[in-house]
Amino acid sequence: MNNITLAPVQTDQPSHLMPVFSRQPISFVRGRGSYLYTEDGTEYLDALTGIAVCGLGHAHPVLAEVIAEQAATLIHTSNIYEVPWQTAAAQKLAEVSGMEEIFFSNSGAESNEGAIKIARKFGHLQGIANPKIVVADHSFHGRTLATLSATGNKKVQEGFAPLVDGFIRVPFGDVEAIEEAAINHPDIVAILVEPIQGEGGVNTAPQGFSYLEDIRAICNQHNWLMMLDEVQTGNGRTGQYFAYQHTNIVPDVLTTAKGLGNGFPIGAVMTQGRGVGVLTAGNHGSTYSGTHLGSRIVYTVIDLIQKENIMSNVNEIGTYLVDQFRIQLAAQNVIVRGFGMMIGIELPKDCGELVNIARDEHHLIINVTSGNVVRLLPALNMNRQQADDLLQRLVPAIQKFLG
Ligand SMILES: *Cc1c(COP(=O)(O)O)cnc(C)c1O
């Protein structure tokens, strides 16, 4: 280890942190690519990358250099002035997404707040006084009041009533339920879904991505905005830059964050088609929207994903991992779902304990979501040798756990 400045924590004092996170009893002081290190130098294979955030791995040398250079040059001037890096980042993001207008936010929830505001304004422009948005069961859209209201998880909402009004919930994948909602609620203006539900257990709709095509058709028929939450699935995670690019459709509104800044907190809400021109001067904003530093990071992350052929690696290694998990866990009663480097292994019983077993006995960082789904979100540039390392650590842990 070289030149690590350790945090001057006063261990005899309370932490003073609001206890909203249930933290695991471990901390890392350094990272490199797909590996994390504790203070004593112990190496852990990171198959979670900060929940689909550090797609290019930890401490990417090019990114680290760009961040240092920009930080030593200019971090922030506000949007009172032109921000050339913001424009360059928007141009790059438009190129890879096919979207037209981009607003940079600071998180996934904020990106979805932007989408919800666009939907409401879109409704009001048509004289709809109480515009409604269709959302799905088991969805996750964030922790702000509007986004937790849109979220399909009671635990996220508990204690925060009154919730934000104007959401109509349907089962994920149920096209008929959307058509029925259209009949019962003439004031629907939009639908917001994740192409693959991340927190919900790494699920596409039962019919796969054709669900997105059906939603696109319904939105066209009723003049609704099709809004996709790609906070987790975006930025190359599933083997396309955005998951909808596995289909031929394009949403009207697209949100992302997580992998967009490789750890720097930045998100985006984007529009094309009937989403364009809805928000105008004075409608939206944020002090930190697209700072020089954040924007340059976005630009560099996309540039690296393109130049380092990340997407072909995601497809190759993602497919390899899914195939190997299916083969090596064939005797176990598990279901393996994989979309590039977004992989879920559904176990026949709750398996939260596997997180601790993997960490303590195999020095492997994983996540369990939805009770019984092992969720893997490895670095997009994980190589074959590291993928084998992941298999060697996780397969025996699952085999032993399932007895
Ligand atoms: C993580 C996530 C969010 C929330 O993003 P934050 O940056 O934590 O606000 C929203 N939607 C989806 C699909 C996510 O995975």
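Atoms within each ligand, like the ligands themselves, are counted from 1 in listed order.
Looking only at heavy atoms of the protein, atom 11 (N) of ligand 1 is closest to Asp229 OD2, 2.8 Å. The nearest heavy-atom contact from the protein to atom 1 (C) of ligand 1 is Lys258 NZ, 1.5 Å.
For ligand 1, the polar-atom distance check finds an N/O of Gln232 within less than 3.5 Å of one of the ligand's N/O atoms. Ligand 1 has an N or O atom lying under 3.5 Å from an N or O atom of Phe140, backbone or side chain. The shortest N/O to N/O separation between Ala109 and ligand 1 falls below 3.5 Å. Polar contact with ligand 1: present for Gly108 (N/O pair, distance under 3.5 Å).
Across all non-hydrogen atoms, the minimal contact from Ile305 to Met311 is CG2-CE, 4.1 Å.
Heavy-atom proximity to Ser107, at under 4.0 Å, picks out these atoms of ligand 1: 7 (O), 9 (O). Numbered from 1 in the order shown, with element, the atoms of ligand 1 that lie under 4.0 Å from a heavy atom of Asn112 read 10 (C), 11 (N). Residue Glu194 approaches ligand 1 through these ligand atoms, each under 4.0 Å from one of its heavy atoms: 13 (C).
The salt bridge (charged side-chain N to carboxylate O under 4.0 Å, His left out) contacts involving residues 77-106 comprise Lys92-Asp303, where partners must be two or more places apart or lie in separate chains. Pairs engaging residues 231-255 under the ring-ring contact (aromatic ring centres under 6.0 Å, His included) rule: Phe209-His246 [sequence neighbours left out].
At least one cation-pi condition fails for Lys117 and Phe103: the charged atom is not both under 6.0 angstrom from the six-membered ring centre and inside a 45 degree cone around its axis. A cation-pi arrangement is found for Arg384 relative to Tyr320, the charged atom lying closer than 6.0 Å to the ring centre and inside a 45° cone about the ring normal.
Shown here, atom 8 (O) of ligand 1 is out of close reach of the protein: none of its heavy atoms lies under 4.0 Å off.
One finds a salt bridge joining Glu361 and Lys400 here, because a Lys/Arg side-chain nitrogen approaches an Asp/Glu carboxylate oxygen to under 4.0 Å.
A tilted orientation is assigned to the rings of Tyr44 and His363, their planes being inclined by 30° to 60°.
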